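Given the structure is predicted, the values throughout are model-derived calculations rather than measurements. Each chain gets a letter, A, B and so on, in the order its sequence line appears, and its residues count up from 1.
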Protein chains: 2
Amino acid sequence: MAANSKFPSQLVFPSGDKPIVTATDVAREAGVSISTVSRIVNGTARVAKDKRLAVEAAIARMDYRPNLQARSLKLGTSMIIGMLTQDIESPFLARVIRGFEEALVGTGYAPIIVSGHWNQKEEIERVGLLMDRRIDGLVVLYGDLSDSQLLEISRRQPVVATGRRLEGEHIRTLQLDHEQGGYIAASHLLGLGHRRIAHISGPPLHTDATERYAGFVRAHREYGVEVDRDIVFQGDFLEHGGVLAMNRLLDCGKNFTAVFASNDQSAMGAHLVMYRRGIRVPDDVSLMGFDDIPAAAYLTPPLTTVRQPFFEIGLYLAQSLLAMLGHDLGELTVPSMELVIRESVKRC
Amino acid sequence: MAANSKFPSQLVFPSGDKPIVTATDVAREAGVSISTVSRIVNGTARVAKDKRLAVEAAIARMDYRPNLQARSLKLGTSMIIGMLTQDIESPFLARVIRGFEEALVGTGYAPIIVSGHWNQKEEIERVGLLMDRRIDGLVVLYGDLSDSQLLEISRRQPVVATGRRLEGEHIRTLQLDHEQGGYIAASHLLGLGHRRIAHISGPPLHTDATERYAGFVRAHREYGVEVDRDIVFQGDFLEHGGVLAMNRLLDCGKNFTAVFASNDQSAMGAHLVMYRRGIRVPDDVSLMGFDDIPAAAYLTPPLTTVRQPFFEIGLYLAQSLLAMLGHDLGELTVPSMELVIRESVKRC
DNA sequence: ATTTTCCTTGAAAACGTTGTCAGCTTTTTA
DNA sequence: TAAAAAGCTGACAACGTTTTCAAGGAAAAT
């Protein structure tokens, strides 16, 4: 309790010198009632032309803008959509957010973005914050919330979540086919004659990562090539994890002709290690990433990778939430992954 | 007008199956008045112990959370701080946002982030959106709003802005010393014996960019070296602009031993061009960036650059806004730039 | 035992909206 | 020309809070 106790006792709010004008002020100025002002602002009923003109003039003159808080209170809908992301700085999450923003333009909904930093406790707190503001919907970008927590949250307002599969009345999920993505990557390498392919995996609890590995294994099986578990090292989806894994890989003494990193950030770490040790990409070793983050195109050599359509994912999330909110948007196509061939892989 | 006309006529808000509980419900459940509930929630007055216990139990049992919209309406303060950024995807803006978020944790304020995409019209619209929600303060990260527009905005609520210098009752600005940053970069190169230093500039209207160039010129003057304007090419602060500028630079036939790119993203573009043309960094040409974005440390070779303390900038912005809102935070130290020596520059 | 003080409490008004309702015009119909 | 219908409009009651005010009861003082 005592939610306010953290604030100084006598707060000064320098509210600015420009007076806040309300519908009442406009009504007085235009010589009508506030009901009429409301009707004109929202276009919710016919109003005589002369009054409409007078009100519109007053609105323009006084620079009136309706108080959205009050409107929300009355209407029971805030026109805010909450978004729980994990890390604003993550290049791929940022792109998802961008797509999401884009889809919301012109709908009247505004996004409010909070970050959970892959920390369940923080995520719960931030979602609570959002829900206290009576958001009309919530988008959850990955994270460590449990399925049952998510289901509970969806009892208050519709939820769309990524990175899991879940059934519920007010919940939709988007799960890309990472197994297929891993399969595409490994097939590309195998198709170019590589037979000894090392792998830098992602966090073992991250299903995206494990599924990519599963696809990697399936491709090997189809090509009749055995996966050598000794040249699979664990990363953490970050650059530094790629550095560590690559060092261990090179020190283990086993040979290989290609490396498939479970994401581009790991690939960047691995790439740096090879540069340091004088191993040329792709002449000595081919390198393949996953995600297609913006920096991937500017590595030297530019990185061959599997593109996740992040922007489209953002669009999709927004649209499926809007659909749950009663906006008809027609059929949604779920975005799929595709191979992006650049210069970091060559025939073996 | 007709702000709602873009919505389907009969909206369905699937509000979820969990009932929304209000202070009134809690009061009824606990057998007290809503005034008492409010007092307990906010710790704003003494309440008899038995009632307090009853109310706290009811709150826990019913999972009551105060409606922040209603509270805002009554109190005239929303506990929301608006942030106008330009592009969620920009690696350095993201880091500023991160610092900003960090500083807000535990203050009760929540950030709401909107993007202007370096487009004045869009910026105005988004700020309007924020102000309609009665934000308590606004942070403007760069952008194309004019000084007078910003001043006008600051008449409603306190504003903190970056990338300009401005005086006003309710406005604070943070302007880092980019001239000094440019000076640091050029001095580093000159100090290592480089005398023919090419430059990839930023957008000519972007004062950060022009100031960096001014510092570059000052360093040359101090070293008694003449700047050759023929090897200064304009970029756009993005990777592709770096590609274009570097190509033109190489094609112009003039010689040079180092390139100072006005930001890391330009440097990445330039780096790629040199890789393509078989020019080795730093053996053939030294390359220096500006910003120290996360990817800079993973270029091959890792990029020598001037670090802008983005995270600290975010902290600083939040703190100076909080200070304007009446929270005493002690003295603020304005963050400064520093040279980050990696491996893309060598002695000439 | 009576007054004074202090403490705890609930009723009611406000914050800025929206929407219902009823009343007043004006127009249409018989 | 009267009656019915339609068109406009303002009063007023919400929405869920916080806070003022006054009242009631208990404790302290006389």
Residue list, salt bridge (charged side-chain N to carboxylate O under 4.0 Å, His left out) with A:Arg133, at least two apart or on another chain:
none
Just N and O in the side chain of B:Lys51: are any of them under 4.0 Å from OP1 or OP2 of C:dT8?
no
Looking at the side chain of A:Lys74, which of C:dT17, D:dT18, D:dC8 is the nearest nucleotide?
C:dT17
Do B:Asp136 and B:Thr77 meet the criterion of a side-chain donor-acceptor pair at a distance under 3.5 Å?
yes
Tell me whether the side-chain N/O atoms of A:Thr36 come closer than 4.0 Å to OP1 or OP2 in D:dG10.
yes
Plane angle bin for B:Tyr142 and B:Phe92 - parallel if under 30°, tilted between 30 and 60°, otherwise perpendicular:
perpendicular
Decide yes or no, distance alone: a donor-acceptor N/O pair under 3.5 angstrom between the base of C:dG19 and the side-chain of A:Thr44.
no
Check the phosphate of D:dG16 against B:Thr22, side-chain N and O only, distance under 4.0 Å to OP1 or OP2. Yes or no?
no
Below 4.0 angstrom, N of the basic side chain to O of the carboxylate: do B:Arg126 and B:Glu123 qualify?
no
Between C:dC15 and A:Asn67, is there an OP1 or OP2 to side-chain N/O distance shorter than 4.0 Å?
no
If you check every side-chain atom of B:Arg39, which of D:dT20, C:dT17, C:dC15 has the closest atom?
D:dT20
Given that A:Arg65 and B:Asp50 both sit by DNA chain C, which one's nearest nucleotide is further toward the 5' end?
B:Asp50
Determine whether a donor-acceptor pair (one donor, one acceptor, N or O, separation below 3.5 Å) exists between the side chain of A:Ser35 and the base of D:dA11.
yes
In whole angstroms, how far is the C1' atom of C:dA14 from the CD1 atom of B:Ile34?
12 Å
Measuring to OP1 and OP2 of C:dC7, would you say a side-chain N or O of B:Arg46 lies under 4.0 angstrom away?
no
